[in-house]
Amino acid sequence: MTSKGPEEEHPSVTLFRQYLRIRTVQPKPDYGAAVAFFEERARQLGLGCQKVEVAPGYVVTVLTWPGTNPALSSILLNSHTDVVPVFKEHWSHDPFEAFKDSEGYIYARGAQDMKCVSIQYLEAVRRLKVEGHRFPRTIHMTFVPDEEVGGHQGMELFVQRPEFQALRAGFALDEGIANPTDAFTVFYSERSPWWVRVTSTGRPGHGSLFIEDTAAEKLHKVVSSILAFREKEWQRLQSNPHLKEGAVTSVNLTKLEGGVAYNVVPATMSASFDFRVAPDVDFKAFEEQLQSWCQAAGEGVTLEFAQKWMHPQVTPTDDSNPWWAAFSRVCKDMNLSLEPEIMPAATDSRFIRAVGVPALGFSPLNRTPVLLHDHDERLHEAVFLRGVDIYTRLLPALASVPALPSDS
Ligand SMILES: CSCC[C@H](NC=O)C(=O)O
Ligand SMILES: [Zn+2]
Ligand SMILES: [Zn+2]
């Protein structure tokens with residue numbers, strides 16, 4: 001499928017641009033408009049539509065294409081509907097206008113993360129339905145809120161609900177990240193977010209004096225220990241070409257708080273860190289390491305967690321996993337080269353895997369610079385359309401995986 005001129009835009013691209021114009025932008029997303037959009041898609045495509053309000057104002061919309069064999073587990077195609085905020089002044093075009101330039105690039109917040117994927121799922125299903133296909137396994141598309149702020153009012157609650165159990169998901173696809181090369185990245189696991197605040201307390205006093213045991217000097221020691229660890233992980237990544245970003249633990253110092261005046265030594269100061277812990281790390285030992293850095297800094301240094309994911313899961317990427325076998329076979333048949341990796345960030349896949357459903361993070365976007373959360377996020381319409389082609393091949397294969405022991 002090729003891209004067309006503005007006078008005859010492909011209808012899938014037009015639909016994509018319509019969805020991009022819905023302002024589901026954090027921190028106040030217009031979820032109502034998104035839900036209405038998907039209800040209308042369900043109506044047009046003749047799909048089942050279920051709305052599950054997981055928290056007040058937080059609706060998961062589920063569109064369902066029933067399979068021919070209800071005894072089999074289903075395929076879950078997940079996408080989040082919210083997008084991250086923009087710095088409008090840094091954009092070449094209004095990020096909520098879905099402007100398309102003369103070359104075919106569509107500029108919009110969510111163009112890569114991940115409104116493209118939602119529409120690619122829908123358009124692949126539409127094409128397959130129009131062609132008269134039916135598959136043994138049911139296909140559910142879930143459109144979920146809240147991912148960009150952690151998923152706590154979205155997928156984290158949804159996977160605990162009876163409505164999720166009733167979907168009987170056997171395998172899930174969720175978002176990935178674009179790849180600037182010819183290859184496609186596919187994520188089989190994720191690093192675990194640990195958001196840690198270290199609070200240091202010490203002796204206060206006049207800013208002109210050499211006060212001992214201050215909050216600042218002890219906090220400085222912890223910051224140094226953690227940044228030294230950061231450097232070590234960075235070097236480990238740099239020195240081994242086989243390691244990808246998601247395979248090492250990252251940390252950034254993201255907040256410093258404390259102090260009231262230039263000449264008052266504060267009794268309390270704190271530093272906040274965004275750790276992303278690699279799935280092969282011994283979590284207990286790692287937490288002890290964090291505690292020991294605090295203890296080594298002196299009395300009155302404590303840590304608390306604002307986020308602490310403890311259930312990393314790995315979806316096997318070998319033929320022992322029939323879902324992987326089906327997925328990778330289609331890619332091979334289409335001559336797509338895959339780069340399996342661990343997701344550096346956190347997505348809703350972690351909640352899906354944690355309840356025992358294998359999941360792959362895949363956004364079919366190659367030859368595309370990684371612009372998620374960035375200024376001028378954009379996607380070429382031809383890449384978008386190629387993604388529809390890819391799902392049009394993937395869905396029949398996944399929805400036709402023969403009965404598995406786990407299905408019964
Ligand atoms: C840890 S909850 C935040 C989830 C967020 N996801 C996408 O960017 C992330 O920072 O990875
Ligand atoms: Zn995303
Ligand atoms: Zn995101």
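When a ligand or atom number is given, it counts from 1 through the structure's own listing order. Being a predicted model, the structure only gives us computed values, none of them experimental.
- Ion pairing of Arg126 with Glu123 is present here, as a side-chain N (NZ or NE/NH1/NH2) and a carboxylate O approach within less than 4.0 Å.
- Listed by chain and number, the protein N, O or S atoms at a distance under 2.8 Å from the Zn ion (ligand 3) are Asp113 OD2, Glu148 OE1, Glu148 OE2, His373 NE2.
- Salt bridge status for Glu97 with Arg21: absent, with no side-chain N to carboxylate O gap under 4.0 Å.
- Within 4.0 Å of ligand 1, contacts by protein heavy atoms are made from Glu147, Glu148, Gly150, Pro193, Trp195, Arg276, Gln307, Ala345, Ala346, Arg350, His373.
- Relative to the six-membered ring of Phe305, Lys308 meets both conditions, a distance below 6.0 Å and an angle of at most 45° to the axis.
- Counting only distance, with no hydrogens or angles, the side chain of Asp82 and the backbone of Glu148 share a donor-acceptor pair below 3.5 Å.
- Every residue was checked against the salt bridge (charged side-chain N to carboxylate O under 4.0 Å, His left out) condition with Glu217, not counting sequence neighbours, and none meets it.
- Remark: Arg23 engages no residue in a side-chain hydrogen bond (donor to acceptor under 3.5 Å, both in side chains) (not counting sequence neighbours).
- The two residues Phe135 and Ala399 have their closest heavy-atom pair at CB-CB, 3.6 Å.
- Looking at Ile342 and Lys244, their side chains never come closer than 4.5 Å, going by heavy atoms from C-beta outward.
- At a threshold of 4.0 Å, the pair Glu288-Lys284 counts as salt-bridged, since one of the basic side-chain nitrogens sits closer than that to a carboxylate oxygen.
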